[in-house]
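Reckoned from all heavy atoms, side chains included, excluding hydrogens, waters and symmetry mates.
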Amino acid sequence: MNTGLQLYNTLSRKKELFIPLNAPNVGMYVCGPTVYSDVHLGNCRTFMSFDLIFRYLKYSGYKVRYVRNITDAGHLEGDRDEGDDKFAKRAKLEQLEPMEIVQKYTLGFHDVMRMFNTLPPSIEPTATGHIIEQIEMIKIIIENGYAYEIGGNVYFDVEKYSKEYNYTILTNRNLEDMLNNTRELGGQDEKKGRLDFALWIKAKPETLMQWQSPWGLGFPGWHIECSAMSAKYLGAEFDIHGGGMDLAATHHTNEIAQSEACSKHQPARFWMHTNMLTVNGTRMSKSAGNGFLPLQLFTGDHPLLKKGYGPMTVKFFMMQAHYRSTLDFSNDALDASEKGFRRLMAAVSLLDKLNTSEENEFDIDALKLNCVNAMNDDFNSPVLIAELFEAVRIINTVYDGKGKISATELDKLKQLINDFVFDILGLKDEESDNLELNSVLQMVIDLRKEAKENKDYATSDKIRIGLQELGIQLKDGKEGTTWSKS
């Protein structure tokens, strides 16, 4: 079992040695999508990052219970318990029932995650499926003195909680500054404190999604669902809680407060956050007009994109940046990633064509150690990918007859590629999946070979140049001709 893994903990703002509470079992909770619209790329990056973490923890010998929720109720437009319900608003816009909206966008989310070849979580609970658990947690928080009910609404008492616990422990913000930067309560606002937030919200007469509770008909606040579901499936204390960095200041801060107010201790030992996306140096957002959806990225159907990029190219592009680093989208950066990914896959396709020798010039154990060290350093995927291109160099060197590798080391190399490229990074060769294209190209390659054998070099060159103009690069070697997209 891997005992050298270091994780960056947002709580401590430093890397810490990962020691599970109950090894070899690991509990990991990640805040999932709010399914009222198509999943955006920022979400995708978060889920791909935690898919990488999930995969590497399993590779390291841990038995991981990965819980990622679906928010299908209780999310208002504003973080301060105001505005319209996102599901009701979208349902009205599309002339559907709220749960039809939930179903539509949940299926769309799963479709996109499959395109990115991510593994499904161990458990994917929904907010609407855990109303009872949320109500029970709210009741305990009230009994413990950290929440109050007014007119069918239940609010968390941040001031009372802050007298005993550090409300800003996750972000290290100054509580006084937060209060000063929060507007005064209006005359119609029934909250006691400016930072108080809703645990339960009284339903309006026209509200479609509402449930019976001790405080009347209503629906849960946004934050309580994650506290209730993580506690149910991972226990009051578990190993890792993750999500996008935009969740830290409000959602995760309030999760910690709720959980401590209920169970008297921190829910997760490690809090991990992925960074934001930018486009040509500007933060990606709908309002800026530079936000594009995954399918738009695949098809190129967006003014900022000059062409479409395959899901694996996009995934490879994202993995080339550390999950805690800002990731900037540009056509040039995506083009470079596309070439890099094709070069990697082209080399992988040569593995079974390599000749072995009694002699050996390559230390695959050392290369594997470098790969492990990269991932043990807070899942440093860009360094891992750099090491994998050393594997590419080895493969090409042996294929070109400029280096020798033994059968034993070749087996190790094949295992390394399988482990780190496919099992951990979760990449797959999109070209090899296209059997029809493979068959057509093999027929063309055979025709070119026949032309060369007949010394019909004009036809041979015409085929090669024609394919090159179509973006297909041929490579002649001792074992025959292979192809890749250039």
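For Lys192 and Tyr155, the positive end is not near the middle of the six-membered ring at less than 6.0 Å and at most 45° from its axis. Because its NZ or CZ atom is both nearer than 6.0 Å to the ring centre of Phe54 and within 45° of the ring axis, Lys58 counts as a cation-pi partner of that residue.
For an aromatic pair to be called close, the ring centres must be under 6.0 Å apart, and Phe47 with Phe50 fails this. Residues Phe270 and Tyr8 place their aromatic rings such that the two centres sit no closer than 6.0 Å. Aromatic rings from Tyr105 and Tyr36 are positioned such that their centres are separated by 6.0 Å or more.
Ring planes of Phe238 and Tyr29: tilted class, angle from 30 to 60°. The aromatic rings of Trp215 and Trp200 sit tilted relative to each other, their planes meeting at an angle between 30° and 60°. Between Tyr62 and Phe18, the ring-plane angle classifies as perpendicular under the 30° and 60° cut-offs. Using a 30° and 60° split on the angle between ring planes, His302 and Phe292 fall in the perpendicular class, above 60°.
Using modelled atom types, one finds a donor on one side chain and an acceptor on the other under 3.5 Å when comparing Tyr146 with Glu164. A donor-acceptor contact closer than 3.5 angstrom is absent between the side chains of His223 and His252. Under 3.5 Å, the side chains of Asn275 and Ser325 contain no donor-acceptor pair of N or O atoms. Using a 3.5 Å distance cut-off with no hydrogens or angles, the side chains of Ser49 and Asp51 do not pair a donor with an acceptor. A donor-acceptor pair shorter than 3.5 Å can be found between the side chains of Asp72 and Thr128. Looking at Ser259 and Glu255, their side chains never bring a donor and an acceptor atom within 3.5 Å of each other. No donor-acceptor contact under 3.5 angstrom links the side chains of Glu124 and Asn69, judged on distance only. No side-chain donor from either of Ser337 and Thr313 sits under 3.5 Å from a side-chain acceptor of the other. For the residue pair Gln320/Ser381, the side-chain donor-acceptor check at 3.5 Å is not satisfied. A donor-acceptor pair shorter than 3.5 Å can be found between the side chains of Tyr323 and Asp378. His130 and Tyr233 form a side-chain donor-acceptor contact under 3.5 Å, judged by distance and modelled atom types alone.
Under the 3.5 Å distance criterion, the side-chain polar atoms of Asn331 are matched with a main-chain donor or acceptor of Leu304. For the pair Asn254 (side chain) and His251 (backbone), a donor-acceptor distance under 3.5 Å is absent. When atom types are taken as modelled, the side chain of Lys160 and the backbone of Gly145 share a donor-acceptor pair closer than 3.5 angstrom. Asn380 contributes no side-chain N or O that, together with a main-chain N or O of Ala374, makes up a donor-acceptor pair within less than 3.5 Å. Remark: the backbone N or O of Val35 is not paired with any side-chain donor or acceptor of Arg90 at under 3.5 angstrom. Using modelled atom types, one side-chain atom of Thr207 and one backbone atom of Lys204 make a donor-acceptor pair closer than 3.5 Å. When atom types are taken as modelled, the side chain of Thr168 and the backbone of Arg173 share a donor-acceptor pair closer than 3.5 angstrom. Checking side-chain atoms of Asp239 against main-chain N and O of Leu21 turns up a donor-acceptor pair under 3.5 Å. Side-chain atoms of Arg68 do not come within 3.5 Å of backbone N or O of Tyr66 as any donor-acceptor pair.
The environment of Lys264 atom NZ is dense: over 12 non-hydrogen atoms of other residues, nucleotides or ligands sit within 6.0 angstrom. The environment of CD in Gln95 is sparse: at most 12 heavy-atom neighbours from other residues, nucleotides or ligands sit within 6.0 Å. Atom CZ of Arg65 is surrounded by 12 or fewer heavy atoms from other residues, nucleotides or ligands within 6.0 Å. Enclosure of atom NZ in Lys307 by more than 12 non-hydrogen atoms of other residues, nucleotides or ligands within 6.0 angstrom is indicated. By the neighbour-count criterion of 12 heavy atoms within 6.0 Å, atom CD of Glu159 is sparsely surrounded, having that number or fewer from other residues, nucleotides or ligands.
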Item to check | Residue pair Arg55, Asp423: steps toward the salt bridge (charged side-chain N to carboxylate O under 4.0 Å, His left out) verdict | outcome: CA-CA 7 Å; Arg55 288 169 177 271; Asp423 287 350; 5.4 Å; no

Checklist entry - side-chain contact (heavy atoms from CB on, under 4.5 Å) between Met137 and Ile140: does it pass, once the steps are laid out? => result CA-CA 5 Å; Met137 177 170 267; Ile140 294 172; 5.7 Å; no

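Rounded to the nearest 0.5 Å, atoms CD (Glu94) and NZ (Lys104) are 3.5 Å apart. Atoms CD and CG, from Glu16 and Asn9 in turn, are 4.5 Å apart once rounded to the nearest 0.5 Å. Met375 contributes atom CE, which lies 8.0 Å from atom CD1 of Ile53 (distance to the nearest 0.5 angstrom). From Ile132, atom CD1 reaches atom CD of Gln134 across 10.5 Å, with rounding to the nearest 0.5 Å. Of the inter-residue distances, the one linking Leu293 atom CG with Asp38 atom CG reads 5.5 Å to the nearest 0.5 angstrom. Atom CG of residue Asn43 and atom CG of residue Leu277 lie 9.5 Å apart, to the nearest 0.5 angstrom.
Salt-bridge annotation for Asp419 and Lys368: absent, with no side-chain N of the basic residue lying under 4.0 Å from a carboxylate O of the acidic one. Contact check on Arg342 versus Glu338 returns a salt bridge, with a Lys/Arg side-chain nitrogen under 4.0 Å from an Asp/Glu carboxylate oxygen. By the 4.0 Å N-to-carboxylate-O rule, Lys15 lies close enough to Asp377 to be salt-bridged with it.
Between Phe116 and the choices Phe316, Phe298, Phe109, the ring-ring contact (aromatic ring centres under 6.0 Å, His included) rule is met once, by Phe298. Partner of Phe156 under the ring-ring contact (aromatic ring centres under 6.0 Å, His included) criterion, chosen from Trp222, Tyr165, Phe197: Phe197.
In plain terms, the two heavy atoms of Ile142 and Val154 that are nearest each other are CD1-CG1, 3.8 Å. The two atoms that bring Met113 and Cys44 nearest to each other are CE-SG, 3.8 Å, heavy atoms only.
Side-chain contact check for His273 versus Arg324: every heavy-atom pair is 4.5 Å or farther apart. Side-chain contact check for Leu52 versus Thr118: every heavy-atom pair is 4.5 Å or farther apart. Side chains of Val279 and Thr282 form no contact here, defined as non-hydrogen atoms less than 4.5 Å apart. Side-chain contact between Thr326 and Met276: present, with at least one pair of heavy atoms (C-beta onward) separated by less than 4.5 Å. Proximity of Leu217 to Trp211: side-chain heavy atoms (C-beta onward) are nowhere separated by under 4.5 Å. The shortest distance between side-chain heavy atoms of Ile70 and Pro125 does not fall below 4.5 Å. Within the 4.5 Å cutoff, the side chain of Asn376 has no heavy atoms near those of the Gln6 side chain.
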